[in-house]
Q: 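Can you keep this structure in mind? I'll have questions shortly.
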Amino acid sequence: EKGGYDYFMLKEIAEQPKAVADTLLGRIDASGSLTLDEVRIPASVLREVDKVVVVACGTAFHAGMIAKYAIEHWTRIPCETELASEFRYRDPILDQRTLVIAISQSGETMDTLMALRHAREQGAKVLAICNTNGSTIPRESDAVLYTHAGPEVAVASTKAFLTQLVACYLVALYLGQVRGTKWGDEIQSVIRELDGIGTQVEEVLETMEPVRELARSLAGKNTVLFLGRHVGYPVALEGALKLKELAYMHAEGFAAGELKHGPIALIEDDLPVVVVVPSPRGRSVLHDKIVSNIQEIRARGARTIVIAERGDEAVRPYADHLVEIPATPVLLQPLVATVPLQVFACELATARGNEVDQPRNLAKSVTVE
Ligand code: M6R
């Protein structure tokens with residue numbers, strides 16, 4: 001069943017290129033436009049949407065955070081992403097022109113379900129992004145975009161996350177396509193790049209041995225910090241969540257811009273800090289800022305583990321460990337940047353003798369509040 005792998009998680013990590021490709025299959029036509037027929041919300045309604053709210057929990061929430069960057073950039077519709085458990089208890093402002101996107105691998109997460117019920121009661125349209133056919137969340141939504149990750153057995157979500165990202169990009173690009181924005185050319189070119197992204201995920205998977213070795217060498221540590229900014233910030237949060245769940249280590253993700261507002265006080269000699277570096281192209285200002293952050297933490301003794309685009313020479317002098325990932329459009333980087341963090345957490349858990357597929361205290365599907 002595990003297809004020759006020791007754990008389902010390893011199998012599921014390896015399945016990611018296919019999961020990503022399957023989620024794109026049939027959704028991009030020959031002319032490079034999106035055909036999301038399953039989004040049964042009429043184009044006329046989507047054109048009227050004036051606010052998008054993404055609700056989810058855990059890893060799905062991190063996908064939702066990335067969706068916000070993509071949706072606001074490509075559609076210029078204000079978008080907020082909120083933990084489902086917070087959203088439903090704070091009397092959120094919703095109406096007929098609000099599109100709520102509920103992301104859930106299992107389709108059974110109670111908080112996400114209650115959030116979408118609340119949203120529909122207020123008249124909002126709900127689009128589910130879900131991996132489980134016929135589960136409760138898609139059944140109760142106005143429309144569903146299924147991720148085609150296949151069954152995910154390991155408690156720690158991996159391939160479902162990557163496919164949730166793909167689905168979020170598809171929704172963002174589709175909204176942009178339907179409404180027409182000044183980013184029309186960019187949207188076309190990103191759709192093309194997204195279509196080939198599985199190959200880049202594959203490339204990352206082929207170069208993971210040094211990451212595994214590094215993880216084993218850190219098995220005795222108590223704390224690992226993760227830094228990122230822009231779409232790298234949710235990636236940092238996801239890396240930290242994986243490490244908590246699997247390695248039972250203190251792991252925290254921060255927005256790199258917040259370092260000086262507190263977290264830098266945590267830096268001490270030989271503390272491992274993973275930094276997700278934005279592409280040097282595109283958002284180059286952010287790239288330069290994060291390079292300074294790496295210098296700052298290293299000067300205070302941190303052991304820097306830097307995830308950066310291949311050929312990014314600016315980070316090399318400050319990286320104690322450099323993990324190179326393929327170049328992608330800025331917003332798509334999480335699809336390749338998350339993979340080393342999954343491998344890192346899985347290997348650290350193994351080195352610490354933990355149960356990888358069934359971490360203590362956790363359930364695959366959280367059907368209670
Ligand atoms: O099934 P869902 O996507 O709604 O689940 C949400 C979270 O419970 C889930 O992502 C959880 O955080 C994972 N164990 C993370 O690896």
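Just so you know, ligand 1 is whichever comes first in the structure, and atom 1 is the first atom listed for that ligand.
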Q: What atoms of ligand 1 come closer than 4.0 angstrom to any heavy atom of Ser157?
A: 15 (C), 16 (O)
Q: Show me which atoms of ligand 1 lie under 4.0 Å from any heavy atom of Ala60.
A: 3 (O), 10 (O)
Q: Among protein heavy atoms, which lies nearest atom 8 (O) of ligand 1, and at what distance?
A: Val366 CG2, 4.1 Å
Q: Test side-chain hydrogen bond (donor to acceptor under 3.5 Å, both in side chains) on Glu108 and Thr136; report intermediate values, then the result.
A: CA-CA 6 Å; Glu108 302 295 347; Thr136 313; 2.5 Å; yes
Q: Could you tell me if the ring centre of Phe161 sits under 6.0 Å from that of His62?
A: no
Q: For the residue pair Arg360 and Tyr248, would you count it as a cation-pi contact if the rule is NZ or CZ under 6.0 angstrom from the ring centre and within 45 degrees of the ring axis?
A: yes
Q: Just jot down the ligand 1 atoms closer than 4.0 angstrom to any heavy atom of Ser104, in number order.
A: 1 (O), 2 (P), 3 (O), 4 (O)
Q: Could you tell me whether Lys242 and ligand 1 have an N or O pair separated by under 3.5 Å?
A: yes
Q: Pairs of nitrogen or oxygen atoms closer than 3.5 Å, one from Gly107 and one from ligand 1: do any exist?
A: no
Q: Hey, can you pull the donor-acceptor pairs under 3.5 Å for the side chains in residues 45-57, sequence neighbours left out?
A:
{"from": "Arg47", "atom 1": "NH1", "to": "Val178", "atom 2": "O", "distance (Å)": "3.4"}
{"from": "Lys51", "atom 1": "NZ", "to": "Ile93", "atom 2": "O", "distance (Å)": "2.7"}

Q: Would a distance-only check, ignoring hydrogens and angles, find a side-chain to backbone donor-acceptor pair under 3.5 Å from Glu72 to Cys79?
A: yes
Q: Side chains of residues 19-30: which donor-acceptor partners sit under 3.5 Å, not counting sequence neighbours?
A:
{"from": "Asp22", "atom 1": "OD2", "to": "Lys18", "atom 2": "NZ", "distance (Å)": "2.7"}
{"from": "Thr23", "atom 1": "OG1", "to": "Ala19", "atom 2": "O", "distance (Å)": "2.8"}
{"from": "Thr23", "atom 1": "OG1", "to": "His148", "atom 2": "N", "distance (Å)": "2.9"}
{"from": "Arg27", "atom 1": "NE", "to": "Glu38", "atom 2": "OE2", "distance (Å)": "3.0"}
{"from": "Arg27", "atom 1": "NH1", "to": "Thr23", "atom 2": "O", "distance (Å)": "2.9"}
{"from": "Arg27", "atom 1": "NH1", "to": "Tyr146", "atom 2": "O", "distance (Å)": "2.8"}
{"from": "Arg27", "atom 1": "NH2", "to": "Glu38", "atom 2": "OE2", "distance (Å)": "2.6"}
{"from": "Arg27", "atom 1": "NH2", "to": "Tyr146", "atom 2": "O", "distance (Å)": "3.0"}
{"from": "Asp29", "atom 1": "OD1", "to": "Ser31", "atom 2": "N", "distance (Å)": "2.9"}
{"from": "Asp29", "atom 1": "OD1", "to": "Ser31", "atom 2": "OG", "distance (Å)": "2.8"}
{"from": "Asp29", "atom 1": "OD1", "to": "Gly32", "atom 2": "N", "distance (Å)": "3.1"}
{"from": "Asp29", "atom 1": "OD1", "to": "Ser33", "atom 2": "N", "distance (Å)": "2.9"}

Q: My understanding is that we take every heavy atom of each candidate and find the minimum distance to atom 14 (N) of ligand 1. Doing that for Glu245, Glu108, His62, Gln164, which one comes out nearest?
A: Glu245
Q: Regarding atom 6 (C) of ligand 1: of the candidates Ala156, Gly58, Cys57, which has the closest heavy atom?
A: Cys57
Q: Is it true that Arg216 and Glu209 have a side-chain N and a carboxylate O under 4.0 angstrom from each other?
A: yes
Q: Looking at Gln105, which atoms of ligand 1 are within less than 4.0 Å of one of its heavy atoms?
A: 1 (O), 2 (P), 3 (O), 4 (O)
Q: For Val155, state whether at least one heavy atom is located under 4.0 Å from any atom of ligand 1.
A: yes
Q: Is any side-chain heavy atom of Ile197 closer than 4.5 Å to a side-chain heavy atom of Thr328?
A: yes
Q: Between Thr109, Ile137, Leu362, flag the one that comes closest to atom 5 (O) of ligand 1 by a heavy atom.
A: Thr109
Q: Any idea which protein heavy atom is nearest atom 10 (O) of ligand 1, and the distance to it?
A: Thr59 N, 3.1 Å
